[in-house]
Amino acid sequence: TQVVAVTVAAPDLAVGNVTAPDTISWGQPVTLSWQVSNPSSVEAAAGWTDIVALSANQTFESGQDTVLYYRSRYGQTLAAGANYVASASF
């Protein structure tokens, strides 16, 4: 029997540089933007989803929060060390 050590590397996408207005008025449009980065050493290739939601706390809860924006990024990749900036207007 031979023992072989295996190291599994996985991408670790992170959201940062979120921008939003300090205040908004009822009925006025609002634009949000954010940056998604892959600081890992491997490409993210399985697909992921960008979601913008209104929440009463800092945890996304599918049955309780209101989703404002949903974009699946299936079939896309994000290279190790790369990032992209996205935005949505409501």
Side-chain angles (χ1 to χ4, degrees):
T1 303
Q2 182 179 7
V3 176
V4 177
V6 176
T7 301
V8 178
D12 185 18
L13 300 183
V15 176
N17 297 329
V18 176
T19 61
D22 291 333
T23 60
I24 58 173
S25 298
W26 184 259
Q28 297 299 310
V30 60
T31 298
L32 308 174
S33 66
W34 60 94
Q35 178 179 315
V36 176
S37 59
N38 180 6
S40 73
S41 62
V42 296
E43 177 182 73
W48 59 93
T49 303
D50 291 355
I51 298 173
V52 175
L54 291 177
S55 179
N57 55 44
Q58 294 184 14
T59 303
F60 177 69
E61 298 168 280
S62 180
Q64 298 178 1
D65 298 335
T66 302
V67 174
L68 301 175
Y69 175 87
Y70 181 97
R71 174 152 183 216
S72 295
R73 297 188 183 271
Y74 295 110
Q76 295 184 348
T77 61
L78 188 59
N83 65 69
Y84 67 88
V85 175
S87 65
S89 296
F90 311 98

Output the distance between atom [atom1] ([X]) and atom [atom2] ([Y]), rounded to the nearest 0.5 Å.
X   : Y   : atom1 : atom2 : value
D50 : W34 : CG    : CH2   : 6.0 Å
L32 : L68 : CG    : CG    : 7.5 Å
F60 : I51 : CZ    : CD1   : 4.5 Å
N57 : Q64 : CG    : CD    : 7.5 Å
D65 : L54 : CG    : CG    : 8.0 Å
T31 : I24 : OG1   : CD1   : 11.0 Å

Common cluster, [X]/[Y], ILVMFWY with side-chain heavy-atom separation under 4.5 Å:
X   : Y   : value
Y69 : V15 : yes
L78 : Y74 : no
W48 : Y70 : no
V67 : V36 : no

What pair of heavy atoms forms the shortest contact from [X] to [Y], and how long is it?
X   : Y   : value
L13 : A44 : CD2-CB, 3.9 Å
P11 : S40 : CA-OG, 3.2 Å
A86 : R73 : CB-NH2, 3.8 Å
A79 : N38 : O-ND2, 3.5 Å

Could you check whether any side-chain heavy atom of Y84 comes within less than 4.5 Å of a side-chain heavy atom of Q76, counting everything from C-beta outward? no

Counting only N and O atoms by type, is there a donor-acceptor contact under 3.5 Å from the side chain of S37 to the main-chain atoms of P39? no

